[in-house]
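The structure under discussion appears below in the form of structure tokens.
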Amino acid sequence: MSIDPLPMLLNFVAIILCQIAGNSVVNYLAIPIPGPVIGLLLLFTLLILRGRVPEGMDRVTAPLLKHMSLLFIPAGTGVLMHLDIIKNEWLPIVAVIALTTPLTLLITAATLRYCMGITDKKHKTMPPPIHHDK
Amino acid sequence: MTNSAAPTLADIAVSAEAIGVTLLAYGCALTVYRVGRKSPLLNPVLIAILVTVGLLGARNTSYERYFQGAQVIHFLLGTATVALAVPLYHQLQALKSALIPISVSIFVGSVSAAVSSLALSLWLGASTGTVLSLLPKSTTTPVAMGIAESLGGLPALSAVTVIVTGIIGAIAGLPLLRAAGFHDLREQGIALGMAAHGVGTARAFQIDITLGAWSGLAMSLGAIVTSAIAPGLWWLAQQAGLG
């Protein structure tokens with residue numbers, strides 16, 4: 001089983017073209033939306049139109065997504081430039097994160113329950129969580 | 001800064017140093033994460049950033065020089081964001097099974113995440129840069145950085161607040177949801193992905209595949225919806241004389 005590199009390359013080029021198209025749209029229309037999000041929507045639309053994920057695309061996207069943490073490092077390290085802000089404003093930052101995250105969790109879960117009419121009649125319908133790690 | 005078309009030897013050296021430092025930091029972070037049994041507290045991004053800061057300090061390299069050299073890696077962050085369309089497409093069946101409830105939940109969740117964060121940070125007197133960096137904190141890191149940047153916030157600060165948000169959501173999310181009576185995997189998954197993005201989704205996949213799938217769906221859709229509503233919310237806050 002040899003892996004044909006051509007579909008992978010073409011898929012990679014297709015993804016890059018979606019990225020460039022997204023950035024161009026955002027720049028041209030001067031809208032404050034991240035270019036890659038437009039690129040994501042473009043690729044998603046293309047996949048729906050095509051009706052399946054083309055051969056070789058998962059092999060391109062899987063390593064990109066698996067190692068996404070690596071890709072955050074250059075931008076994230078820029079926090080070096082903002083150490084004074086963190087020093088001066090750590091209290092509002094911590095308070096906002098600590099208070100609004102639980103709020104968002106509960107509001108989202110409650111909305112889905114309301115819309116789907118999920119009834120929490122008995123807990124035994126839910127299997128206990130299975131821990132795959134370890 | 002280079003104006004010539006072809007990269008010079010000096011440019012290549014800068015890139016080699018930056019990419020080497022980044023890969024080394026990532027390797028260290030993954031090792032710590034694995035040794036620590038993938039505890040959410042040992043988030044690889046957070047550790048990798050700390051190691052990179054340490055390495056740059058030790059080598060006396062400025063952040064500007066480092067970022068210049070690491071541009072290729074930064075570009076691929078945008079590529080990976082576009083690639084999120086593929087797992088989203090794989091969740092198409094789950095999405096179709098409950099299109100309206102999921103859409104409404106994600107919309108309400110995105111609005112509540114952004115509005116609560118905007119209102120509280122303004123009320124606590126945070127500076128504009130901090131307010132805008134906190135606003136997208138429930139979206140996945142590359143999108144949050146993009147939102148912060150396009151609104152005039154600080155992408156790097158938003159990266160850190162996003163990661164901390166994800167860690168808190170991943171640790172406290174399920175216990176909180178269970179205590180509040182949410183025992184359905186779909187409810188838990190949507191809430192985790194909405195509030196705690198990729199870190200919450202990674203945690204969800206450790207527990208159950210359905211939980212992870214719904215969480216991933218909420219993460220992708222939440223990022224799209226938040227991108228769309230963030231400029232409008234910030235405009236409203238400014239019109240109200242708050243921003």
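Here is the naming used below: chain letters follow the sequence lines, and residue numbers restart at 1 for every chain.
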Report task. Return the option, out of B/A228, B/G78, B/G109, B/A159, with the maximum number of heavy-atom pairs under 4.5 Å with chain A. Result -> B/G78

Requested in this report: Please flag which part of B/P142 lies under 4.5 Å from any non-hydrogen atom of chain A: side chain, backbone, both or neither.
Outcome: both

Query raised in the report: Roughly how far apart are B/T79 OG1 and A/F12 CZ, rounded to 0.5 Å?
Result: 5.5 Å

Requested in this report: Check each atom of B/S127 against the heavy atoms of chain A and say whether the ones under 4.5 Å are side chain, backbone, both or neither.
Outcome: both

**Report entry** Top contributor to chain A interface from B/A80, B/P87, B/A119 [non-hydrogen pairs under 4.5 Å]
**Finding:** B/A80

Requested in this report: Supply the atom-to-atom distance A/C115 SG to B/I102 CD1, rounded to the nearest 0.5 angstrom.
Outcome: 10.5 Å

Requested in this report: Check whether B/L56 gets within reach of chain A through its side chain, its backbone, both or neither, counting any heavy atom under 4.5 Å.
Outcome: side chain

Query raised in the report: Of all of A/I86, A/D58, A/L47, which one pairs up most often with chain B through heavy atoms under 4.5 Å apart?
Result: A/L47

Query raised in the report: Which one, A/L91, A/V94, A/I73, leads in non-hydrogen pairs under 4.5 Å with chain B?
Result: A/I73

**Report entry** Heavy-atom pair of closest approach, residues A/I15 and B/A83
**Finding:** CG2-N, 4.5 Å

**Report entry** Side-chain (B/Y89) to main-chain (A/G51) donor-acceptor, under 3.5 angstrom
**Finding:** yes

Query raised in the report: Non-hydrogen atoms of chain A under 4.5 Å away: do they reach the side chain of B/A156, the backbone, both or neither?
Result: both

Query raised in the report: Going from OG1 on B/T130 to CD on A/E89, what distance comes out if it is rounded to the nearest 0.5 angstrom?
Result: 3.5 Å

Requested in this report: Please report the closest heavy-atom contact between A/R113 and B/H183, naming both atoms and the distance.
Outcome: NH2-N, 4.2 Å

**Report entry** Partner set under ring-ring contact (aromatic ring centres under 6.0 Å, His included) for A/H67, not counting sequence neighbours
**Finding:** B/Y26

Requested in this report: Measure the spacing between CG of B/L192 and OG1 of A/T108 and express it to the nearest 0.5 Å.
Outcome: 10.0 Å

Report task. Over all heavy atoms of both residues, which pair between A/A95 and B/L124 is shortest? Give the atoms and the distance, please. Result -> CB-CD1, 3.8 Å

Report task. Return the set of residues passing side chain to side chain contact (heavy atoms under 4.5 Å, CB included) with A/P102 (not counting sequence neighbours), or none when no residue passes. Result -> B/L176

Query raised in the report: So which of A/I85, A/L70, A/L99, A/L106 has the biggest tally of heavy-atom pairs under 4.5 Å with chain B?
Result: A/L70

Query - Toward chain A, the part of B/V160 with a non-hydrogen atom under 4.5 Å - result: side chain

Query raised in the report: Would one find more than 12 heavy atoms of other residues, nucleotides or ligands at under 6.0 Å from atom OH of B/Y63?
Result: yes

Requested in this report: Please look at A/L46 and chain B and tell me whether the side chain, the backbone, both or neither of the residue comes under 4.5 angstrom of a heavy atom of that chain.
Outcome: neither

Requested in this report: Tell me, for B/F75 versus chain A, whether the close heavy atoms (under 4.5 Å) come from the side chain, the backbone, both or neither.
Outcome: both

Contacts table for residues 24-45 of chain A: side-chain donor-acceptor under 3.5 angstrom, sequence neighbours left out:
from  : atom 1 : to    : atom 2 : distance (Å)
A/S24 : OG     : A/I20 : O      : 2.7
A/N27 : ND2    : A/N23 : O      : 3.3
A/T45 : OG1    : A/L41 : O      : 2.6

Report task. Locate the shortest heavy-atom distance separating A/T111 from B/V108; write the atom from each residue and the value. Result -> OG1-CG1, 3.5 Å

Query raised in the report: Do other residues, nucleotides or ligands put more than 12 heavy atoms under 6.0 Å from the CD atom of B/Q71?
Result: yes

Report summary line: By residue number, those in residues 166-173 of chain B with heavy atoms under 4.5 Å from heavy atoms of chain A are B/I168, B/G169, B/G173

Query raised in the report: When only pairs under 4.5 Å are counted, which of A/P74, A/G78, A/P92 shares the most heavy-atom pairs with chain B?
Result: A/P74

Report summary line: Whatever's closer than 4.5 Å to a heavy atom in chain A on B/Q188 counts as neither

Query raised in the report: Any side-chain heavy atom of B/K137 sitting closer than 4.5 Å to one from A/T100?
Result: yes

Query raised in the report: Is it the side chain or the backbone of B/Y66 that comes within 4.5 Å of chain A heavy atoms, both, or neither?
Result: side chain

Report summary line: Note: B/V82 and A/C18 closest approach over all heavy atoms is CG1-CB, 3.8 Å

Query - Interface moiety of A/I93 toward chain B, non-hydrogen atoms closer than 4.5 Å - result: both

Query raised in the report: Looking at B/A126, B/A218, B/S133, which has the largest count of heavy-atom pairs under 4.5 Å with chain A?
Result: B/A126

Report summary line: Turns out that what part of B/I163 lies under 4.5 Å from chain A's heavy atoms comes down to neither

Query raised in the report: Most heavy-atom pairs under 4.5 angstrom with chain A, which of B/H90, B/E149, B/H74?
Result: B/H90

Report task. Can you tell which part of A/L105 gets under 4.5 Å to a heavy atom of chain B, answering side chain, backbone, both or neither? Result -> both

Report summary line: If one checks every heavy atom of B/I190 against chain A at 4.5 Å, the contacting part turns out to be both

Query - Partner chain A: residue of B/L177, B/L151, B/L50 with the largest heavy-atom pair count (under 4.5 Å) - result: B/L177

Report summary line: With chain B, the option among A/T61, A/I97, A/L64 that has the most non-hydrogen atom pairs under 4.5 Å is A/I97

Query raised in the report: Among B/V51, B/L154, B/V143, who wins on heavy-atom pairs under 4.5 Å with chain A?
Result: B/L154

Query - Which atom of A/A75 lies closest to which atom of B/M145, heavy atoms considered - result: CB-CE, 2.7 Å

Query raised in the report: Quick one: of A/I107, A/V60, A/L65, who has the most non-hydrogen atom pairs under 4.5 Å with chain B?
Result: A/L65

Query - Proximal component of B/A98, with respect to chain A [non-hydrogen, under 4.5 Å] - result: side chain

